[in-house]
Each structure stands twice: as C-alpha cells, then as structure tokens.
Novice: 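Got a structure for you, questions after.
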Protein chains: 2
Amino acid sequence: MTHLDAARRMAAECLCFRVRRATRTITRLYDEALRPLGLGAAQLTLMNAVAMGGASGQTMSRLADLLALDLTSLSRNLRPLEKGGMLAIDRHEDDRRVRVVRLTPAGEELLVAALPRWTEAHAKVTAMIGAAEAESLRASLDVVTAARHRLREEDA
Amino acid sequence: MTHLDAARRMAAECLCFRVRRATRTITRLYDEALRPLGLGAAQLTLMNAVAMGGASGQTMSRLADLLALDLTSLSRNLRPLEKGGMLAIDRHEDDRRVRVVRLTPAGEELLVAALPRWTEAHAKVTAMIGAAEAESLRASLDVVTAARHRLREEDA
DNA sequence: GGAAGAAACTTGCATATACAAGTAAAAACA
DNA sequence: TGTTTTTACTTGTATATGCAAGTTTCTTCC
C-alpha cells in the first residue's frame, strides 16, 4: 500500500471531501446573491432558524440542534447579528441559564428583504444541477440529518 | 408576506442550509476518527489532493480548482501542514510565480496511516444513512462539482 | 438546606473560509 | 526594449467552526 494507492481510494470515494467541496460551491452562490444585503449565507440560515421560533424565540440549545452546530460556534455566530441589531438575546425568565434568541423588528425586515435574493440563489443552484438532481440532493442531505437525530436518541 | 412566511419557505427548501448542516455532521465524524493522528478532515483532504499530483506535485491553482477552494483559503490552509513537516512548497523552476506543493516523506507516511481511520469514518457514515443513500449522495455532490466546472468553461 | 452533580452557556485557542487589496513575475504589446 | 497587462499567489480583515476548559445557575440527594 503506497501513499498513492491511499490517495486514489480516498479521492474516489470520500464523502467528507465531496460534501465540503459542494458546500463551498453552493455557499459562494448564496453569498453572492445576498451580498447587497450585507448578509452571508450562514447568517441568513441562522436568522431563519431564529425566526422559526416565532415570537417566543429559540433557546441556544435548540438552535444548535436545528443547525447541527456546536453550541460554542453558535455562541459566536450570533455576535455579528446581535451587534448589527438583527437579533436580541435575553435570559429566560424561569431558568436564568437559558438564553432566548429573537429577531428584532429590523431582523424581521431583513429576513423579508432577503427572500428574493435567496430565491434567486436557490434558482441558480437548481438551474445548475437540474431540478431532479436538486431534489435528490435535498433528500439525501435530509437523510443525513434524520440519521443524526436517530443516533442522538439511541444514545439517550 | 410576513417574516414567518419567508422563514418557513427557506427552512423547507434551502439547499445551502442543508448542505452546510450535513457538512458539519459528516465532518465531525471524520474529525473524530482522525483525531488520534492529530489531523482534521479538511487537512486530510488537502494532503490527499496534494498526493494526487504524485512526485511532480500540484500547483496551488490546481489544488484550489480540485477542491473548489478559494486560493486565499488554500494559501492559509497549507500553513499548518507545512509547519508540521507534511508538505513542502517550492517555487516552480520555469515560472517563479507558481508554487509547487508536494508531500514530504513524513506526509506520505501520515497519509498511509490515515487510511484505516478514513475507512472507519467512511463506514460509519455509510452505516448511518445506508449504502444506497450514501451512493446517491455522492452522485449528487459530484453533479454539483461537474456543473461548476461546466459553468467555468462556459465563462472562458 | 447545604453539598454534589448536571445543565446551559462563554472564553481561549486553533483551524477554515473568502473578499479586497497588495506583490512579484511572466506575457503581451507598442 | 520598455511599458502595460495578466497571472499566481500573499496579506489584511472578518466570519465560521469546534474542542477543552471555565462560569453560572438549576437540580438532586442526602
């Protein structure tokens, strides 16, 4: 087994490599579309996850789970949006360990303003790989997330 | 159109969100398997791309293209591996703008040592989502990369 | 009710990623 | 041949990501 054999095998099969590469490609398209808003794809995703909590907001743990994001990463990713006035982070009334994240009115406006840009990026990716492939990709990615949750519950 | 409508739509359909989330999930599994080697998934991927250049090495531009990675990101990602003695970066003899990246003997050894760990992580992901889904995911991700290259060539 | 343990985050540190702007070397061209 | 342009990469700055370790607050169990 030479290092070249190892390299060929990994290059041919590695899912981690492929998903990371595709993420860079796709993220760039979204970033580009969102640039006029001064918002990155990761930030829009985060705001969106916050928005899904509605008026009662989301706890950080819940956001981390929704995004499959480490709590420490989440903690820092919130900062730029908080400083930009898009998010408000308060302590929970009943349990002061918990932080509750909500969109501010400015955040709600930005999310609405982002929708056409998001639609544009989504259409670009769909056109790039074809609608059927986009659907197949979406389904496969959701299987990864579902499997992650299943394993989580088995551990617990 | 309220912000909640926008949020629901993006949460239900966004490919960027999904591919980023899946990348985090999958990368964590690979990182975990590779930890005993002191190597991250991104680093293994990078070493592997370098290895594919064989004895003549790879230029940075070529690596950036293979990995769909910005040249500036690549430039910095090489540093830890270079400092760790796994890579050597030299100027090209005929064109002194170009840098040629090669594995050192230590790098070749590490790559061989990484293969069982990589296999383990690959098996874990495959078991998690099923072999058929893994293959479907791999195929979809490759379509993204192929489409990116197609668009590149159309521009040129 | 006080101590031990658990839960929910934050901070320190390191790598990963990319845009804008800078540098150096080769190629094109006047 | 000398200037201009292009190419290949680096640096400055900012966000993204996660592990280890720390802090605060709640819960549990004597």
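The shown structure was predicted, so the numbers you read here are calculated from the model rather than taken from an experiment. The figures that follow rest on heavy atoms only: side chains count, while hydrogens, waters and symmetry mates do not. Chain identifiers are assigned alphabetically (A, B, ...) following the order of the sequence lines, protein sequences preceding nucleic acid strands; residue numbering begins at 1 within each chain.
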Novice: Grab the NZ-P distance between B:K83 and C:dA14 for me, whole Å please.
Specialist: 11 Å
Novice: Keeping B:Q58 on the side-chain end and B:A49 on the backbone end, is there a donor-acceptor pair under 3.5 Å?
Specialist: yes
Novice: Do other residues, nucleotides or ligands put more than 12 heavy atoms under 6.0 Å from B:R138 CZ?
Specialist: yes
Novice: If the cut-off is 4.0 Å, is A:R99 near the phosphate of C:dA8, judged by side-chain N/O to OP1 or OP2?
Specialist: no
Novice: Heavy-atom distance under 4.5 Å between the side chains of A:L78 and A:R99, does that happen here?
Specialist: no
Novice: For D:dT7, does either OP1 or OP2 sit under 4.0 Å from a side-chain N or O belonging to B:S61?
Specialist: no
Novice: Under 4.0 Å between any heavy atoms, over every strand shown, what does B:L69 touch: base, sugar-phosphate, or nothing? Just pick one.
Specialist: sugar-phosphate
Novice: How close or far is atom C1' of C:dT10 from atom CG of A:L78, stated in whole angstroms?
Specialist: 12 Å
Novice: Determine: side-chain N/O of A:N77 to OP1/OP2 of D:dT17, distance under 4.0 Å, yes or no.
Specialist: yes
Novice: Taking CD from B:Q43 and P from D:dG18, how many angstroms apart are they, rounded to a whole number?
Specialist: 15 Å
Novice: Once you round it to whole Å, what is the distance between P of C:dT10 and CD of A:E82?
Specialist: 9 Å
Novice: Taking atom P of C:dA14 as reference, at what distance in whole Å does atom CG of A:D70 sit?
Specialist: 18 Å
Novice: Under 4.0 Å: is that the gap between some side-chain N or O of B:R28 and OP1 or OP2 of D:dG18?
Specialist: yes
Novice: Using heavy atoms to find the nearest nucleotide of DNA chain C for A:D31 and A:M60 separately, return the residue whose nucleotide is more 5′.
Specialist: A:M60
Novice: Taking only N and O in the side chain of A:R24, is any of them less than 4.0 Å away from OP1 or OP2 of C:dT17?
Specialist: yes
Novice: OP1 or OP2 of C:dT17 less than 4.0 angstrom from a side-chain nitrogen or oxygen of A:R21, does that happen here?
Specialist: no
Novice: Just checking A:R76: base, sugar-phosphate only, or nothing, at a heavy-atom cut-off of under 4.0 Å?
Specialist: base
Novice: Rounded to whole Å, please give me the gap between CG in B:L63 and C1' in D:dA8.
Specialist: 13 Å
Novice: Taking the nucleotide of DNA chain D with the closest heavy atom to each, which residue, A:G40 or A:T72, is nearer the 5' end?
Specialist: A:G40
Novice: Is it the case that the base of D:dT24 and the side chain of A:R97 share a donor-acceptor contact (distance under 3.5 Å, atom types as modelled)?
Specialist: no
Novice: Could you pick out which residue, A:R96 or A:A41, lies toward the 5' side of DNA chain D when each is mapped onto its nearest nucleotide?
Specialist: A:A41
Novice: Within the pair A:R20 and C:dT17, is there a side-chain N or O less than 4.0 Å away from OP1 or OP2?
Specialist: yes
Novice: Rounded to whole Å, how long is the line connecting atom OH of A:Y30 with atom P of D:dA16?
Specialist: 17 Å
Novice: When you measure from the side-chain N and O atoms of A:S73 to the phosphate of D:dG18, is any distance below 4.0 Å, counting only OP1 and OP2?
Specialist: yes
Novice: What is the distance from NE2 of A:H92 to C1' of C:dA7, rounded to the nearest Å?
Specialist: 14 Å
Novice: Would you say A:V125 ends up clustered with A:L115 if hydrophobic residues are merged whenever their side chains have heavy atoms under 4.5 Å apart, either directly or through other cluster members?
Specialist: yes
Novice: Heavy atoms under 4.0 Å, any strand shown: does B:R62 hit a base, just sugar-phosphate, or nothing?
Specialist: nothing
Novice: Any chain of hydrophobic side-chain contacts (each under 4.5 Å) joining A:M52 to A:V50?
Specialist: no
Novice: If Ile, Leu, Val, Met, Phe, Trp and Tyr residues are connected whenever their side-chain heavy atoms lie under 4.5 Å apart, and connections chain through other members, are A:W118 and A:L37 in the same group?
Specialist: yes
